[in-house]
Amino acid sequence: MMASKDHNYWRSLDELANTPAFRRWVEDEFPDLWERIATGGNPQTRRQFLKLAGATLALGGLTACRWPKEAIVPATRQPGNRVPGVPVQYATTYELSGAATGVLVTSYDGRPIKIEGNDKHPFSLGKTNHWMQAAVLDLYDPDRSQHILQRTSGTDRYLSRSLDDFRTFAAAHFERLRAVGGAGLCVLSEPSSSPSRLDMKSRFLAAFPQAQWIEYEPISRDNEHNGARLAFGRPYRSHLHLERADVLVALDSDFLMLHPAALKYARDFAARRRPDVANGYDCNRLYVLESNFSVTGSMADRRYAVRSSDIRTALEQIAQAVAARLDVATKLPAPVGDLPLSEAAAEAIAADLVAHRGRCAIIVGPQQPAEVHVEAHLLNDWLGTHGETITFTAEPAAERTDYAAGMAALAEQIRAGGVDTLVILGGNPVYDAPAELGFGRASGQSPDAACAFDKIGTTVRLGLYFDETSRCCDWHLPQAHWLEAWGDGLAWDGTLSVAQPLIEPLYGGLSAIELLAMLTGDKLSSGYEIVRRTFAERFGALESQEERWKQSLHDGVVADTAWPTEKPDVRPVSLPPAKPTSGFEVVFTPDYSVYDGRFANNGWLQEWPDPITKLTWGNAAILSPEDAARLGVERDGDLVAIDMGAGATLNVPAYVLPGHATGSITLPLGYGRFDTGFNAYQLRRSAGLDIAAAGQCRRVEGREELAGTQDHHAIRSKVGDAEIQKRIPVLVREAELHHYREHPDFAEHVVHVPASESLWREKEYTGHKWGMAIDLSACTGCGACVLACQAENNIPVVGPDEVRRGREMHWLRIDRYFRKDTEGAAGGNAQPVAVVHQPMACTHCENAPCEQVCPVAATVHDEDGLNTMVYNRCVGTRYCSNNCPLKVRRFNWFYNHHGPYHPRSIRMGTSPLPGALLKHAELTDIEKMGQNPAVTVRSRGVMEKCTFCVQRITAVKIKARKEGWTSIPDGLITPACAAACPSDAIVFGDLNDPRSRVRQLHEHPRAYPILAELNLRPRTVYLAKIRNAGSGTDEEHGQHGA
Amino acid sequence: MASTAPDINNTLETPGRRAELVTGGLDFAGVTDTVAAVWERPRPPRAWYIAMAFALTLLGVLGAMILYLIFNGVGVWGLNNPTAWGFDITNFVFWVGIGHAGTLISAILFLFRQKWRTGINRFAEAMTIFAVMCAGIFPGIHLGRIWLAYWLAPLPNQMAMWPNFRSPLLWDVFAVGTYFTVSILFWYVGMIPDLATFRDRATSRVKQFIYGLLALGWTGSSRHWHRFEVAYLILAALATPLVLSVHSVVSFDFAVSQLPGWHTTIFPPYFVAGAIFGGFAMVMTLAIPARELFGLKHIITKRHLENCGKIVLVTCLMVGYAYMMEFFMSWYSGSPYERFVFRSRAAGPYAWAYWTMIICNVAVPQLLWFKRIRTNVWGMLSVVMAVNVGMWFERFVIIVTSLSQDYLPAAWDYYRPSLVEILTLAGSFGLFLTLFLLFCRYLPMVAMAEVKTVMPQATEHHVAYVPVTRAFDYNPDEHEPPAELERGAARL
């Protein structure tokens, strides 16, 4: 019987009669008859009976079809700590790019629905980034591969197979390979820190000694690796201790966002950016030299736009200036060519570094070539940072080759016919391998085009999606999502944590270690057993370590497993001088939303606005305004052709970014899949994986509308742009540190608001008085809060067309303004520019303009001061949105949980035309599982907005009332945004609690309400941003003086 | 049937000698014949069919667009965040505003004893009703959940919820509801004598029955006339404040909010002036073709048109003054948000809409200073069409520019109407035109009874009036009345 979602169909009664289900039924219903029929009797009679009975079953089944029968069985004994409807949190581990971070996952009735940080894990510290928040959507992605597929040889068609089929095949195939010691066998894996995987790798190589194991991922830290090897003789991993650093110089390094330890670094960095009378107005200083505007760059006190190829020269300038002040033994090469930094700037940076010897750090990004890392290590050594702000641990897998080199070797071998069996674990090499290797078929090529993998005898692929790589392979096995599988991982500093699954694999997927176990014929087959074995190998036999195991699972981290720090000496290295380049450099960066492309099918991440460009659902070639003017790019979306030579050309939309370095183009990777953006991997070659020189760029006819959430071209005008510059200082109040020291309450005086009397008696809030404070000094604009809010509140995804129309649904958005920074150092850009971020959600005004104008009273104030939105009363006049000065209210223009205009519906081919009015892709049951049951899903025509996570507030209030608490401790109720914020910029609590953090912050001199002149009396205040650009001895810095 | 009679210029006046309001030597019977002819003709003129076909097409478009909207959601329009209102409320305010001219003509000019109103008051009042009907569609269909629109009405319900009386949208419900009710009453009551005339001239039993029903048993006795005139006076008194209050309340939708560009006390008088301005323009837009098409040139004369034109000019000056005051107040307020909104209107992304409004509303009507234009029918038609366009743009500019660029620049976005919205606007004209054409065909287009009261024959001293049949050339030295007077005196 072909089973589909709801109904069972059969072609004939014979077919029905032959199914085991039917036979079971007969056995149950007519046991005597069944005995007689099954064991003996006339076959004809048996057939007759089965046919008749089959008809009965069919007809009976038809009436029974009206309501699906589901057997429910109450548990007579409930497992401990499991009450249906009460969520439980489990600790597990999330890994990205080879570094693990501990998380706590909220499970509701056995379904993981929300991810929070694990405060016990040193690299989470209770916080998450946006990728962790979005992972839940990947788990419930209906586009995940659900079946084991085998390609019919000679064709491009795949047939669904069972696990047993694969096991049979694998047993036979790998037995043959074992006989030849694994010659011709190759495993291509994405890198992982997992000790279990490492263990399975060694077991695999022990079973197949001639086999090769290659690791590849497109975004790597190979340059750091090689730089450390050159500088120290072997690769070491750097660890920053930003809480000790007074002065930081970041060279093309986005350490606050794209570093594996970014969560911790953001926390530590922000902790030093809260100057206060209590801490002596302490504030660190960050210099950033970079080509593209990054999140780290937006936090810079002084930012210099320098081409990535010129960063080395800039570093040499700084080093020269430092060397002039210190007595150092080894010298760095002198800077050659055009100097990217002005002499004054280099001198100022050097002076600052020297003045803070031992309490500073030079940080270089992974895209910079190894030489720059070497020079930075040397400079750091001169400045006494090693052992203070920078410590080292030995890099595991010290002898590994560069990933790209490994892939090139593999490609060569395949071409030579030396690979007979290829097993691909995770990753997506066909999509993201260096372009000149010709791996697989490029996106857009027909399935008949030649694929390098065709030369391989057998290809087995384990993947989360049936993607580009799967389409080139013979076998595709669905991979278990990390929330479905046992595993383990090492954090950036080596701290071990175990990953426990939150749910059985939805589609029977395998994890990588389980597949390896199967292929090596391991006696253990389940991930659980493998992980426990690895644990036992490290800590001793299982029986004696049971307590430790349980504690590790509970805590989400194994205590005291960090690697020991070492203090290597920097070797004297002679480096070849830098080769100056001209023309455009093309810099390939991981994208903030989809990273290297692995998250391209995640709607939340696609719709999440990039922190700097605010683009969604696609990428663009990022240019500076000067280059744009020169090329004739007038507006964002105008097409340019990027030519890397040797026929590699792409026509892509341009995005003009103030503050971007001139002579440089940034191409974010990870797009070109599922009709979003363009695939920059097509231009990316091994010779220039990160920074490729000698690119050509010219304007071509045409444009592509970019989907951004801010700065829409149509609304811009000269008048408007001038006005924005005037308004930024009022909305996002900022001051230099010395000004703040002299006028601690400067923020309140930016706009003079006359005292006003109320005409009537204002409401006194005597119970709870919920409030929030957002510290703009600490906010990096990373956007984790935005995605946390989306995950918690079932905020729908609307798709690129709707985003272009300005209808994105995020309750919390981060406003990003480009502020012309006339005080900052010029450094090569004609218009120095700073970026400010301001998270903006409903501020729950006590005097809310929205409440007065709703004709049906659908938005009202509750007893605790929350401005509540009553979805079932809202008729959708949208007057509340018009009257909201902050424009934080979001309207459901369509049925957002799939309707004709939802991107999923459009992708599934239902066109939004009258003929297909009511047809749309329904929310699948799998997708429904991922929604938070505590939050209503809103219908079409209803307004929604931030509720301060009222479901979390109410859950705690109910508990407090049931258990008779006298008060609710501060910090127990945390909205999703505050819980996620890595730099702890968002604080929530009860303003009526005199000891609450939020009360202290509301009374802080830096605090100011937004748009105070409107008398809104918002419950959210902002703490003004403090910059520490510092004073200098020259007029370029500190016109304000010390 | 276009009138082939020459368009007599009765706009010239000398002191002591008022110009005729009904030209062409018509007497009472002539008035009745002229007006009833529109209804009595076996078939309406061909142009009526063509216009009706066009109107019904647009009406069909309206229906289709509304169904499409209801099935799919408000998202089929071009609205977004921050511009959550666009064509929908612009159209609402536009249509409601147009209605005010009719009530002003019917009620206020009645109280001011402006006799010339009688030629146009009936169909101006009809225009009001149809305009209010068109207006009423938009608040209904712009709701996200249209099927719950009745929640705006203060109906006792199981939720024990009243609507929010602090909301201007609710005030709209009462104001527009009241306006519609009073207008329809006033219009109907005023029509009773004329419906009775139709009943008496009916040529078929069906017509006699229907119009008899509608005439409520009118006999024309003096008792009926007396009661009629008292009722008319009372209704006029009731309707008069509505002219000022309804559009003031509609303006509160904006004035009571805190959006820069909306939050200003000038709105109630500004809107009322604008409503009368646009309404009279629409009255003239309808009157000029109608008088041609239905042969009513002798009843709706150039004088009527010129008077309307003068009111258009006066209200144009008021509206122009209001524009200037808005600019002045935005500067005087010192609020950077206010100042910016107005700068942006003139020089920002919607400058094209703003300048269209200025040219159509302020510049073009200045032509009405010239008598040449005021007495040239087609010249006036061009001017008032421009005013219609300009008044629509005024509401568009107010609503869209204020919403699209308000306090937080990060929220700024551009609003572009979708095809559905444009077709809905066009379709609303279809509804309006359909109803109006039906009215012209089946109901008394001109208030015959009232017109007769302003004719010379209505008073005993009619000899003082000179029936004007040709261009006036009065010579005060002549003591003898012209010969035509004898003839005129005989007819009654």
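We name chains A, B, ... by the order of the sequence lines, and we start the count at 1 in each one.
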Undergrad: Is it the side chain or the backbone of B/Y150 that comes within 4.5 Å of chain A heavy atoms, both, or neither?
TA: neither
Undergrad: Of all of A/P849, A/C874, A/S881, A/C884, which one pairs up most often with chain B through heavy atoms under 4.5 Å apart?
TA: A/C874
Undergrad: Does the side chain of A/I724 come within less than 4.5 Å of B/W412's, by heavy atoms?
TA: yes
Undergrad: Looking at A/H712, A/R873, A/R813, which makes the most heavy-atom pairs under 4.5 Å with chain B?
TA: A/R873
Undergrad: If you count heavy-atom pairs within less than 4.5 Å of chain B, which of A/I814, A/V942, A/I1010, A/D711 leads?
TA: A/V942
Undergrad: Looking at B/L143, B/V256, B/L259, B/L148, which one has more heavy-atom pairs under 4.5 Å with chain A than the rest?
TA: B/L143
Undergrad: So B/Y337 and A/V730, side-chain contact (heavy atoms from CB on, under 4.5 Å) or not? Walk me through it.
TA: CA-CA 12 Å; B/Y337 307 107; A/V730 172; 3.9 Å; yes
Undergrad: Below 4.5 Å from any heavy atom of chain B, which atoms of A/K726 appear? Answer side chain, backbone, both or neither.
TA: side chain
Undergrad: Please flag which part of A/F891 lies under 4.5 Å from any non-hydrogen atom of chain B: side chain, backbone, both or neither.
TA: side chain
Undergrad: Is a salt bridge present between A/E723 and B/R343, judged by a nitrogen-to-oxygen distance below 4.0 Å?
TA: yes
Undergrad: Less than 4.5 Å apart, any side-chain heavy atom of B/L408 and any of A/D815?
TA: yes
Undergrad: Find the one option among B/P163, B/S257, B/P336, B/A84 whose heavy-atom pairs under 4.5 Å with chain A are most numerous.
TA: B/A84
Undergrad: Just wondering, do A/R716 and B/P349 contact through their side chains at under 4.5 Å, heavy atoms?
TA: no
Undergrad: So how far is it from A/T877 OG1 to B/H142 NE2, rounded to the nearest 0.5 Å?
TA: 5.5 Å
Undergrad: On a heavy-atom basis, which atom in B/P409 and which in A/L731 lie closest, and how many Å separate them?
TA: CD-CD1, 3.5 Å
Undergrad: Just wondering, do A/R878 and B/L79 contact through their side chains at under 4.5 Å, heavy atoms?
TA: yes
Undergrad: Look at B/D413 together with A/K887 and state whether they make a salt bridge at an N to O cut-off of under 4.0 Å.
TA: no
Undergrad: Tell me, side chain or backbone of A/S939 under 4.5 Å from chain B's heavy atoms, or both, or neither?
TA: side chain
Undergrad: Does the B/Q405 side chain pair with the main chain of A/G720, one donor and one acceptor, at a distance under 3.5 Å?
TA: no
Undergrad: At a heavy-atom distance under 4.5 Å, which candidate from B/S402, B/A351, B/A411, B/P168 has the highest pair count against chain A?
TA: B/P168
Undergrad: For the pair A/V870 and B/M161, evaluate side-chain contact (heavy atoms from CB on, under 4.5 Å) and give the outcome as yes or no after the intermediate values.
TA: CA-CA 13 Å; A/V870 184; B/M161 283 284 295; over 6 Å; no
Undergrad: Which one of A/E1013, A/R890, A/Q710, A/Q852 has the most heavy-atom pairs closer than 4.5 Å to chain B?
TA: A/Q852
Undergrad: Keeping the roles fixed (side chain from A/R940, backbone from B/V74), state whether a donor-acceptor pair exists under 3.5 Å.
TA: no
Undergrad: Taking the side chain from B/N81 and the backbone from A/V888, do they hold a donor-acceptor pair closer than 3.5 Å?
TA: no
Undergrad: Please check: side-chain N/O of B/N164 versus main-chain N/O of A/C854, any donor-acceptor pairing under 3.5 Å?
TA: yes
Undergrad: Do you know the tightest heavy-atom contact between B/N80 and A/G806?
TA: CB-O, 3.6 Å
Undergrad: What part of A/M840 gets within 4.5 angstrom of chain B, counting heavy atoms only: side chain, backbone, both, or neither?
TA: side chain
Undergrad: Sub-3.5 Å donor-acceptor pair from the side chain of A/Y817 to the main-chain atoms of B/A410, do we have one?
TA: yes
Undergrad: Under 4.5 Å from any heavy atom of chain A, what part of B/R339 do you find: side chain, backbone, both or neither?
TA: neither
Undergrad: Where on B/D172 is there a heavy atom nearer than 4.5 Å to chain A: the side chain, the backbone, both, or neither?
TA: neither
Undergrad: Please flag which part of A/V860 lies under 4.5 Å from any non-hydrogen atom of chain B: side chain, backbone, both or neither.
TA: neither
Undergrad: Could you check whether any side-chain N or O of B/S167 sits under 3.5 Å from a backbone N or O of A/V853, counting only pairs where one atom can act as donor and the other as acceptor?
TA: yes
Undergrad: Might you confirm whether atom CZ of B/F174 has over 12 heavy atoms from other residues, nucleotides or ligands at distances under 6.0 Å?
TA: yes
Undergrad: To the nearest 0.5 Å, how far apart are CG in A/N872 and CZ in B/R145?
TA: 7.0 Å
Undergrad: Is there a side-chain contact between A/I715 and B/Y350 (heavy atoms, below 4.5 Å)?
TA: yes
Undergrad: Determine whether A/Y879 and B/I89 make a side-chain contact, defined as any pair of heavy atoms from C-beta on separated by less than 4.5 Å.
TA: no
Undergrad: Which one of B/L170, B/L152, B/D406 has the most heavy-atom pairs closer than 4.5 Å to chain A?
TA: B/D406
Undergrad: Determine whether B/W262 and A/N882 make a side-chain contact, defined as any pair of heavy atoms from C-beta on separated by less than 4.5 Å.
TA: yes
Undergrad: Tell me, side chain or backbone of A/L1011 under 4.5 Å from chain B's heavy atoms, or both, or neither?
TA: side chain
Undergrad: Taking NZ in A/K763 as the centre, count heavy atoms belonging to other residues, nucleotides or ligands within less than 6.0 Å. Is the count above 12?
TA: yes
Undergrad: Shorter than 4.5 Å, heavy atoms on both sides: which option in B/L169, B/T83, B/D88 has the most such pairs with chain A?
TA: B/L169
Undergrad: Between A/A714, A/A857, A/G876, A/P885, which shows the greatest number of heavy-atom pairs under 4.5 Å with chain B?
TA: A/P885
